[in-house]
Amino acid sequence: MENIKRNILLNPGPSTTTDTVKMAQVVPDICPREKEFGDIMRQMRTDLVKIVHGDPEKYTSVLFCGSGTINIDVCINSLLPEGKKILIINNGAYSTRAAEVCEYYGLPFIDLKFPVDSLPDLAEIEKTLRENPDIALVHTTHNETGTGILNPVREIGALVHKYNAVFTVDTTSTLAMRPIDIEKDNIDFCMASAQKGLMAMTGLSFIIGNKRIIEESAAYPKRSYYCNLFLQYDFFEKTGEMHFTPPVQTVYSTKQALEEYFAEGEENKWARHTRVFNAINEGLDRLGFRQVIKPEWRAGLVSSAVYPDDPNWSFEAVHDYCYERGFTIYPGKISTTNTFRLCALGAIDEADIHAFFEVFEEALRAQNIAIPVVYED
Ligand SMILES: *Cc1c(COP(=O)(O)O)cnc(C)c1O
């Protein structure tokens with residue numbers, strides 16, 4: 001198993017992992033009901049609260065087996081009291097997903113929409129909260145991974161708390177990369193999956209949030225069996241285990257990834273992602289690509305480039321050329337504009353981005369796409 005091919009993933013997760021994280025999955029078979037395995041999960045729950053600087057008396061974390069979307073599902077279906085309403089602050093694909101979760105559970109919700117390339121309007125959020133005193137739960141996305149825009153969660157959270165609602169934030173594409181302070185950022189619940197900021201494997205997701213609110217939610221309507229937050233929390237508290245079978249090998253790789261996270265350190269890791277992000281933007285700028293989100297609103301992790309108006313442009317052909325050479329680029333997630341994304345997640349650094357742009361430029365030339373790229377207007 002030495003010499004595992006190193007692929008540079010510029011898609012928004014799963015991300016490029018270290019070989020030590022890959023290899024950490026290869027362990028003697030173990031029944032996850034053994035104490036030894038429970039100890040690993042207990043430490044993991046503590047470490048996750050530490051990543052967002054939560055006071056362990058006040059905050060806890062709850063693990064689930066599933067991709068990151070399970071967290072959105074769990075928060076929305078578990079944290080709404082009877083007779084109350086949800087507010088989704090929606091400027092992109094991932095908040096739209098939360099609105100769809102509300103729809104699927106038949107929950108009353110307001111879908112407060114803003115354009116995908118602009119920040120939500122705080123005055124409009126406050127007006128909505130004031131006019132709808134039955135809103136008990138507000139949800140938004142920190143870094144809208146579909147575009148890469150950074151939403152002002154601290155300011156939104158202050159408004160949410162002023163109107164006595166609970167604030168859940170989808171931090172799947174920032175947590176363990178862009179620093180988060182759960183209390184100062186006015187977040188009640190944040191979330192991620194192991195395969196993004198932590199640079200581990202797919203299949204493990206977690207919600208980090210306020211213990212008291214979880215305990216209160218025991219009295220709320222139960223809308224899902226597998227995806228109920230209190231049920232999973234309570235089982236962890238009583239037994240130290242997941243209610244149902246955990247993703248055993250992913251837990252081992254996440255344990256290793258957490259050790260590597262703390263060894264690199266929050267500040268150094270964020271500096272590295274920033275270096276990668278800057279190198280991506282410099283490369284795109286040099287080739288003349290336009291981006292959807294203006295520089296001061298970018299979360300520093302996802303670049304959304306607009307397709308050039310070149311008759312020879314083919315995302316698929318460029319993708320395939322890069323993919324064959326070990327670099328993965330990814331389509332965009334905006335319904336009205338054709339875009340592709342380059343992301344700064346994962347165990348990569350500036351040099352990988354320089355190597356990528358050599359290949360990417362070759363790919364453009366191979367397709368006879370004009371450089372710098374052209375736009376009609
Ligand atoms: C990746 C991601 C998710 C989870 O998506 P899955 O396909 O379930 O892994 C949720 N929210 C955001 C903001 C994300 O970037």
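Keep in mind that this is a model prediction, so the values were computed, not measured. In listed order, ligands and their atoms are each counted from 1. The residues of the chain are indexed from 1 along the displayed sequence.
- Cation-pi contact between Lys50 and Tyr59: absent, since separation from the ring centre below 6.0 Å together with deviation from the ring axis within 45° is not met.
- Scanning the protein for heavy atoms near atom 1 (C) of ligand 1, the closest one is Lys196 NZ, 1.4 Å.
- Under 4.0 Å from ligand 1, not a single heavy atom of Glu144 appears.
- The side chain of Thr141, and not its backbone, has at least one atom closer than 4.0 Å to an atom of ligand 1 (non-hydrogen atoms only; side chain from C-beta on).
- Within the structure, ligand 1 lacks Met191 among the residues with a heavy atom less than 4.0 angstrom away.
- Checked by distance only, ligand 1 and Thr69 come closer than 3.5 Å through their nitrogen or oxygen atoms.
- The pair Glu144-Lys333 does not count as a salt bridge, with every side-chain nitrogen at least 4.0 angstrom from each carboxylate oxygen.
- A salt bridge does not link Asp134 with Lys84: every distance from a Lys NZ or Arg NE/NH1/NH2 to an Asp or Glu carboxylate oxygen is 4.0 Å or more.
- Residues Glu361 and Arg365 are paired through a salt bridge, judged by an N-O separation under 4.0 Å between the basic side chain and the carboxylate.
- Considering backbone and side-chain N/O of Ser67, one or more are found under 3.5 Å from N/O of ligand 1.
- Considering both main-chain and side-chain atoms, Asp170 comes within under 3.5 Å of ligand 1 through a nitrogen or oxygen pair.
- Using a 4.5 Å cut-off between side-chain heavy atoms of Ile, Leu, Val, Met, Phe, Trp and Tyr, with links allowed through other members, Ile70 and Val169 fall into the same hydrophobic cluster.
- Note that CZ of Phe277 and CG of Leu345 are 11.0 Å apart. Values are rounded to the nearest 0.5 Å.
- Checking only distances, Thr145 does come within under 3.5 Å of ligand 1, N or O to N or O.
- When the heavy-atom distances from atom 9 (O) of ligand 1 to Gly68, Pro12, Gly66, Ala192 are ranked, the shortest goes to Gly68.
- Shown in contact with Gln195 at under 4.0 Å from a heavy atom are these atoms of ligand 1, numbered in order with element: 9 (O).
- In this structure, Thr172 and Ser193 have side chains that are in contact, with non-hydrogen atoms separated by less than 4.5 Å.
- Nearest protein heavy-atom contact of atom 7 (O) of ligand 1 is Arg97 NH1, 3.8 Å.
- We find that Glu215 and Lys211 are not joined by a salt bridge, their nearest charged nitrogen and carboxylate oxygen being 4.0 Å or further apart.
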